[in-house]
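One structure below.
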Amino acid sequence: MNLQINKKWMIIICISVLIVCFFYYFYAKEPVKSEVVKVEEMDMNEFEETISVNEKEPVDNEDEHSSIVIDVKGAVLKPGVYEVPVDSRVFEAIQEAGGLSEKADELAVNLASPLQDGMVVYIPIKGETKENPFISQNVAEDPSQKKVNINLATSEELQTLTGIGPSKAESIISYREEQGPFTKIEDLLEVTGIGDKSFDKLREEITVK
């Protein structure tokens, strides 16, 4: 008799344990899953926000350097200070200033020269005695002391430099059009075909200002 009672209790205990395990397995783990999903969703939202911020930043940097300010003087219809795109040329600055006046000496100006921020574009009148604005000169009046501005010089002007022929002149112009103005004369060494020996021969003949 006692043996039968013990068997019944064992069966009841086993069933109870199974029921408890069943409820624990199917219900106790559900909150954990939902929490994991929420955490993953939060992480994805933060990741998307980070990407959005990083994508916007380069646009702001581009806007800061998209234009330059120049001062147009001399024989133009509307002299003054103008804001123009960063890759503008002298002829575009003249257009902003209303065009050349009737007295302007157009032959004294290189209309294709690139502009730089803060630059003064001076248009001389016909018969005016004035140095070419695209060649800077030292205080000395000796013609041999003139220096060629490699940021503004034409191909013909560059070919007046020691060791610079038509091919190297065009390489210098191509470099400054693609890379921007030279910031120091040593940047000329970055141009294809100009090495240390060539640079040493002409370093006293050039300037970037």
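Please read all numbers here as calculations on a predicted model, not as lab measurements.
- With hydrogens and angles ignored, the 3.5 Å screen pairs a side-chain donor or acceptor of S113 with a backbone N or O of L152.
- In terms of heavy atoms, A112 sits closest to R89 at O-NH1, 2.9 Å.
- Between the side chain of D117 and the main chain of I68, no donor-acceptor pair closer than 3.5 Å is present.
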List the steps, then state whether side chain to side chain contact (heavy atoms under 4.5 Å, CB included) holds for E96 with E83.
CA-CA 9 Å; E96 288 289 331; E83 185 174 350; over 6 Å; no
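- S155 and I173 get closest at one heavy-atom pair: N-CD1, 3.6 Å.
- No side-chain heavy atom of V72 sits under 4.5 Å from any side-chain heavy atom of P79.
- With values rounded to the nearest 0.5 angstrom, L161 atom CG is found 13.0 Å from K201 atom NZ.
- For the side chain to side chain contact (heavy atoms under 4.5 Å, CB included) criterion with F91, the lone passing option out of N110, L111, V109, L100 is L111.
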Would V84 and E92 count as a side chain to side chain contact (heavy atoms under 4.5 Å, CB included) if you check the C-alpha gap in whole Å, the side-chain angles of each, and the deciding distance to 0.1 Å?
CA-CA 8 Å; V84 296; E92 293 172 305; 6.0 Å; no
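- When atom types are taken as modelled, the side chain of E157 and the backbone of T154 share a donor-acceptor pair closer than 3.5 angstrom.
- Test I164, T207, T160 against V148 for side chain to side chain contact (heavy atoms under 4.5 Å, CB included) and you get one pass: T160.
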Between Y175 and T192, is a side chain to side chain contact (heavy atoms under 4.5 Å, CB included) present by the stated rule, with each step listed?
CA-CA 9 Å; Y175 179 90; T192 302; over 6 Å; no
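- A donor-acceptor pair is defined here as one N or O able to donate and one able to accept, closer than 3.5 Å; such a pair exists between the side chain of D187 and the backbone of K184.
- Within the 4.5 Å cutoff, the side chain of P181 has no heavy atoms near those of the V208 side chain.
- Minimum heavy-atom separation, L189 to F199: CD2-CB, 3.6 Å.
- Remark: S88 OG to I94 CD1 distance equals 12.0 Å, nearest 0.5 Å.
- Contact record, K147 with I206: CD-O, 3.5 Å, taken as the closest heavy-atom pair.
- Pairing each heavy atom of S198 with each of G193, the nearest pair is OG-O, 4.5 Å.
- By the 4.5 Å heavy-atom criterion applied to side chains, K168 and V191 are not counted as neighbours.
- Here the shortest heavy-atom pairing between A169 and L158 reads O-CD1, 3.6 Å.
- Atom CD1 of I172 is separated from atom CD1 of I150 by 7.0 Å, given to the nearest 0.5 angstrom.
- Salt bridge R176/E190: absent, no basic N to carboxylate O contact under 4.0 Å.
- For the pair E177 (side chain) and S174 (backbone), a donor-acceptor distance under 3.5 Å is absent.
- Each of M119 and V81 belongs to its own hydrophobic cluster when Ile, Leu, Val, Met, Phe, Trp and Tyr are linked at side-chain heavy-atom distances under 4.5 angstrom.
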Begin from the C-alpha positions of S67 and V86 and carry the test side chain to side chain contact (heavy atoms under 4.5 Å, CB included) through to its verdict.
CA-CA 4 Å; S67 63; V86 70; 6.0 Å; no
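- The CD1 atom of I123 sits 16.0 Å away from the NZ atom of K103 when rounded to the nearest 0.5 Å.
- Within the 3.5 Å criterion, the main-chain N or O of T162 finds a donor-acceptor partner in the side chain of E205.
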